[in-house]
Amino acid sequence: SPRSSARSVRQNAPSRSLAHCNAIYIEASTVEVYRGGAIWREVSRQLAAAGFVALWAPQGGHDDVLLVRQKAPEPLNVFHAENYLRHNHRRLEHLATLELPLHGKSVLEVGAGIGDHTSFYLDRGCAVLVTDAREENIAAIRSRYAHEPWAAAQVLDLDAPALLNRQFDVIHCYGLLYHLAMPAQAIAFLAAHCTHFMVLETCVTPDAGVALNPVSEPAADPSQAVSGTGCRPTRAWVWAELKKVFPWVYATATQPSHPEFPLDWNSEPASFAPLTRAVFVASKVSLDSNPKLLATLPTRQEAV
């Protein structure tokens, strides 16, 4: 039926079944009309995360509303926007300075988008399994690296990961953790598939406490949370979760030269960019001799 109740939307959205419909006609209430029923604020937020926009708002306390799917942007248009390209340059530039043993390793790249970090490892003689949660992103990766014998690609959703039945020397997890609804489980999954170390870059909340800070994200955007739910954890939260599954955890002494990577974590809140980011290295082997890595969370870092 093209018509659905608000209660069923709340129970099932965001749902993968929504991928098969272009319009939804629902009853919507701005106040509780049915006991336990969802109200418009909840429904509209959940459906917006799935890519739907309302053609009108409910009138009065109870009304019928038509929502239509917004056209999803093409992955290439999103990931190759100027801000993304600049951001990737600075992140990989920084990674190259960390003096990590990367050459000739087996690598699992997660949350790869359309594979803009993959060649960093291929050019270092690595064999890379490139993964992302979205089929359309994987299709773009396969097209780009069709002639690379050491690159393979497959779908992997780290909010509900399927076992890979193999381990990797290096895990590359850049720009993914904060797009997950269940990042702690993802960290544990990645640790179980890692023999050497994981490099992890993520957006964080610049607060000294230990907090996950869940957020809603537009699931229709190929660069955002596929579930519609992400997070903005504090550095301390990330550190604590990594310590549960890796014997050695490090912060980097430096940060990429980009506005989203703070250098002084004691700054006034208003001085931070809307998104703030940090880099971690979690390891199964000691990297204590590496001068680029710190065994405690720093309050100040230097720019590369």
Side-chain angles (χ1 to χ4, degrees), residues 76-103 105 107 109-124 126 128 130 170-179 197-208 213 221 223-224 230-239 242 248-283 287-304:
L76 188 65
N77 293 338
V78 173
F79 289 105
H80 282 181
E82 181 58 34
N83 62 311
Y84 267 90
L85 294 173
R86 175 185 173 193
H87 189 250
N88 280 331
H89 290 327
R90 299 292 81 77
R91 290 195 287 181
L92 296 178
E93 179 180 87
H94 175 258
L95 178 57
T97 71
L98 296 182
E99 300 179 7
L100 295 169
L102 297 174
H103 287 266
K105 304 298 185 184
V107 178
E109 183 183 356
V110 295
I114 60 171
D116 285 330
H117 291 195
T118 306
S119 63
F120 178 89
Y121 291 98
L122 293 175
D123 290 343
R124 286 164 172 78
C126 298
V128 189
V130 196
V170 176
I171 308 289
H172 181 84
C173 181
Y174 268 46
L176 172 65
L177 193 75
Y178 66 101
H179 294 312
F197 58 84
M198 173 168 70
V199 288
L200 185 154
E201 181 270 351
T202 183
C203 282
V204 294
T205 296
D207 182 272
N213 303 317
D221 187 321
S223 72
Q224 300 296 298
C231 59
R232 300 294 184 268
T234 60
R235 290 191 304 158
W237 186 95
V238 178
W239 190 272
L242 291 173
W248 289 273
V249 177
Y250 305 93
T252 55
T254 57
Q255 286 268 71
S257 295
H258 188 279
E260 291 183 356
F261 291 87
L263 301 179
D264 185 355
W265 294 93
N266 288 329
S267 298
E268 291 297 318
S271 69
F272 289 102
L275 292 178
T276 55
R277 299 173 181 266
V279 181
F280 304 84
V281 178
S283 185
L287 299 173
D288 288 349
S289 62
N290 188 329
K292 305 290 186 175
L293 304 180
L294 305 173
T296 58
L297 277 174
T299 56
R300 278 202 59 84
Q301 292 165 285
E302 301 296 324
V304 168

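Heads up: numbering here begins at 1 and tracks the sequence.
Put simply, the side chain of Thr254 reaches to within 4.5 Å of the side chain of His94, judged on heavy atoms. The side-chain heavy atoms of Phe197 and Pro101, taken from C-beta on, include a pair separated by under 4.5 Å. Taking 4.5 Å as the limit, every side-chain heavy atom of Pro262 sits out of range of all side-chain heavy atoms of Arg277. When side chains are defined from C-beta on, Leu95 counts as touching Leu100, because their heavy atoms get closer than 4.5 Å. With contacts defined as side-chain heavy-atom distances shorter than 4.5 Å, the pair Thr118/Glu109 qualifies. At a threshold of 4.5 Å between non-hydrogen side-chain atoms, the residues His117 and Asn88 count as touching.
In this structure, the side chain of Glu201 engages the main chain of Gly175 through a donor-acceptor pair within 3.5 Å. Proximity of a side-chain donor or acceptor of Ser119 to a complementary backbone N or O of Leu122 within less than 3.5 Å is not detected. With Arg235 contributing its side chain and Pro298 its backbone, the two residues share a donor-acceptor pair below 3.5 Å.
Annotation: the span from Gln301 atom CD to Asp264 atom CG amounts to 10.0 Å, rounded to 0.5 Å. Going from atom SG of Cys126 over to atom NZ of Lys105 covers 8.5 Å, rounded to the nearest 0.5 Å. Note that CG of Asp207 is 6.5 Å distant from OG1 of Thr234, once rounded to the nearest 0.5 Å. Atom OH of Tyr178 sits about 4.0 Å away from atom SG of Cys203, to the nearest 0.5 Å. The distance from the CG atom of Leu98 to the CG atom of Leu287 is 10.5 Å, given to the nearest 0.5 Å. The line from OG of Ser289 to CD of Glu99 is 9.5 Å long, rounded to the nearest 0.5 Å.
With ring centers used as reference points, Phe261 lies under 6.0 Å from His87.
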Please lay out, stage by stage, how Leu102 and Phe120 fare under the test side chain to side chain contact (heavy atoms under 4.5 Å, CB included). CA-CA 10 Å; Leu102 297 174; Phe120 178 89; 3.7 Å; yes
Let's go through Asp288 and Tyr250 carefully: what are the C-alpha distance in whole Å and the side-chain angles of both, what is the deciding distance for side chain to side chain donor-acceptor pair (under 3.5 Å) to 0.1 Å, and is it a yes or a no? CA-CA 9 Å; Asp288 288 349; Tyr250 305 93; 2.6 Å; yes
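Nearest approach of Ala251 to Leu297, heavy atoms of both residues: CB-CD2, 4.4 Å. The minimum heavy-atom distance linking Phe272 with Glu268 is given by the pair CD1-O, 3.7 Å. Nearest heavy atoms, Asp116 versus His80: OD1-NE2, 2.9 Å. Closest heavy-atom contact between Leu263 and Ala303: CD2-N, 3.7 Å. In plain terms, the two heavy atoms of Cys173 and Met198 that are nearest each other are CB-SD, 4.2 Å. The shortest heavy-atom contact between Glu93 and Thr97 is O-CG2, 3.3 Å.
When only modelled atom types and interatomic distance are considered, Ser223 and Asp221 share a side-chain donor-acceptor pair under 3.5 Å. Remark: the Tyr174 side chain and the Thr202 side chain contain no N/O donor-acceptor pair separated by less than 3.5 Å. Defined by atom type and a distance below 3.5 Å, a donor-acceptor pair is missing between the side-chain atoms of Thr276 and Glu260. Judged purely by distance below 3.5 Å, without hydrogens or angles, the side chains of Arg86 and Asn83 never pair a donor atom with an acceptor atom. Side-chain contact, Thr205 with Asn213: a donor N or O sits under 3.5 Å from an acceptor N or O.
A cation-pi arrangement, defined by a distance under 6.0 Å to the six-membered ring centre and an angle within 45 degrees of its axis, is absent between Arg300 and Trp265.
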